[in-house]
Amino acid sequence: MIYLLPHTVFSSAERFPKKTAFVCGKEQLTYRGLADRVQQLAHLLREQGVKPGDRVGIYLHRSIETAVAIYGILRAGAVYVPLSPKAPPERNAFVVEDCGIKILVTHPSQHRNLQRLLAARTQVQTIIGGRKVEDGNVTVFNWEDVAEASTTNWAPPRQVETDLAYIIYTSGSTGKPKGIMHSHASGLAFARNAVTRYELGPDDRFGNHAPIYFDISQLAYFGAPLVGATAIIATDAETIFPASLGQLMARERMTVWYSVPLALSQLLNAGVTDGLDLSTLHTILYAGEPLAPKYVRRLMETCPQATIGNLYGPAETNVCTCYDIPAPPPNDDPIPIGEVWQNTDRLLLNENDEPVEPGQPGELLIHATTQMLGYWNLPEQSASAWFHQQLPGRPERKFYRTGDLVREGENGLLHFLGRRDHQVKVRGYRVELGAVESQLLTHPAVGEAVALTLETEDDALTLVAAVVLKNDLATTEKDIITYLKEQLPWYAVPETLYLFPGFPRTATDKVDRGKVKAMLTPGT
Amino acid sequence: MKELITNYIINEIHGGDPDLEIAPEDDLLGSGLLGSMEMMRLVEHLEQTYNFRVAPQDMAIENFMTIEAMTNYVTRVTA
């Protein structure tokens, strides 16, 4: 019976021992090979004193070792915490201290950045997979040591599916990062929902673009082992060069793709899909941000055989709604987020926690088995994340407050309007920043767009926008503003438009709005 | 050219970090030496310095993953 995440790997190792489980760059592992390495890493972790429930950090780039690390840590009964080697050392040091990480799993290629993290005087005592260095305070095992550890099948610790499995830290737009706690059950529920909905099986080849600290990666990391399929992990270099990514998709005959929209729009903008055989792709999913309709149309031309699905869900609930785009969008209205998928319930509530009238905007609340356990070590924020639905004589149901404004259209589809806190008031009018952005994206020369407000000297708010142009199309700020004036009410037209060569991005490849704002604020 | 690229990475991207050692064959992206933004800055710098344009289909791993690869690529296309 599969009720803990590592059961998926061991079950597939029984059924498909010789089948390739994970591919990354020049490396690959069969299911048998993966199960052995997982067992060995778990063994080593136990020898090092790791107890069920302990947090173990993963400090890895996109690599085959990520799969071994995730499942080895879970097999030992411990909780994995993915760290981004690209994040500032202070942020990683905060996470390490916050959840009490004493052991890190890494790779020699991360040595430089890891030294910076260790220099921040964390309480890390043991490094697995690192480069052996003379350092009296830290014990280092390399991957050869892991490969020599015992593969004997000891009795794993007694655990149940609702036990904590992993903690993902959010980039934390304000203040400190928050650790979102998920159980084995929630990870498995997401994988089951996705493979059921899109009918994925052992013959599928999952393409993965997301780093493991982003839950988009879990379709490949959890879903592929669940059905005994092969997961292809794009390397960091492949995610940066669209031409190489396109070649990887074709060469590996990927059938399933799930990423942020940026990966798809970059692929289309680079014009590198001509001559590539992408006919094996039958399911292309994206989440995290909207994909402009113009890209959806081009994607449908490039991959006419594929189902293109817009998935939506905050990291606290993982995916909760989906919309399989039925036909090329006839206009530039934002793509709906669809409706909650199976095993998921939702509410649309107003400021007073009352259901909104049909067609009115409301905050989306989600009740699902994919929902988080809470925030690590933040009891108050965990408590306020939930709405407790109490109907007479019935047990209470917990709904997560997404903070996202949504409207149910006449067609019964949910439309994403923006973050509740992205709704701003300028010149006395209420403006939805997301609406300004989607209008900007309808301009043929605009590749990416951010609308935001800046404080003026007299403490008023001014609406501005920043855009990244497509490199092959010439236009001016004035052209775009003139275009917007034809499309938007006067109060929703940005006062100033800034051209950016590219946007700063968060660890999860979303546009870093805070940084864009800081770059536009004088004196910071 | 190798020295120019190495110096650019150390001085312009890593704030002149004196402890940073980069070998010509180091994977610049997998090792975290460069992120996507930094890689784009470096490409732009090379374009300006050597007065050429990188074609979109050339923006690929084999041309930019290491300092060695960049040097070979730029030498070839500017020859």
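All values reported here derive from a predicted model rather than from experimental measurement. Each chain gets a letter, A, B and so on, in the order the sequences are listed, and its residues count up from 1.
Contacts from residues 44-53 of chain B to chain A, taken as heavy-atom pairs separated by less than 4.5 Å, involve no residues at all. Of residues 55-72 of chain B, those residues with a non-hydrogen atom less than 4.5 Å from any non-hydrogen atom of chain A are, in numerical order, B/Pro56, B/Gln57, B/Met59, B/Ala60, B/Ile61, B/Glu62, B/Phe64, B/Met65.
B/Met39 has its side chain within reach of A/Phe241: a pair of non-hydrogen atoms, C-beta onward, lies under 4.5 Å apart.
Salt-bridge annotation for A/Arg116 and B/Asp17: present, with a side-chain N of the basic residue lying under 4.0 Å from a carboxylate O of the acidic one.
Listed options B/Leu34, B/Leu33, B/Leu28 were ranked by heavy-atom pairs under 4.5 angstrom with chain A; first place goes to B/Leu33. The candidate from A/His107, A/Glu238, A/His111 with the greatest count of non-hydrogen atom pairs under 4.5 Å with chain B is A/Glu238.
To the nearest 0.5 Å, atoms OG1 (A/Thr235) and CG (B/Leu29) are separated by 8.0 Å. The OG atom of B/Ser31 sits 5.0 Å away from the CZ atom of A/Arg112 when rounded to the nearest 0.5 Å.
Applying the 6.0 Å contact sphere to CD of B/Glu25 captures more than 12 heavy atoms from other residues, nucleotides or ligands.
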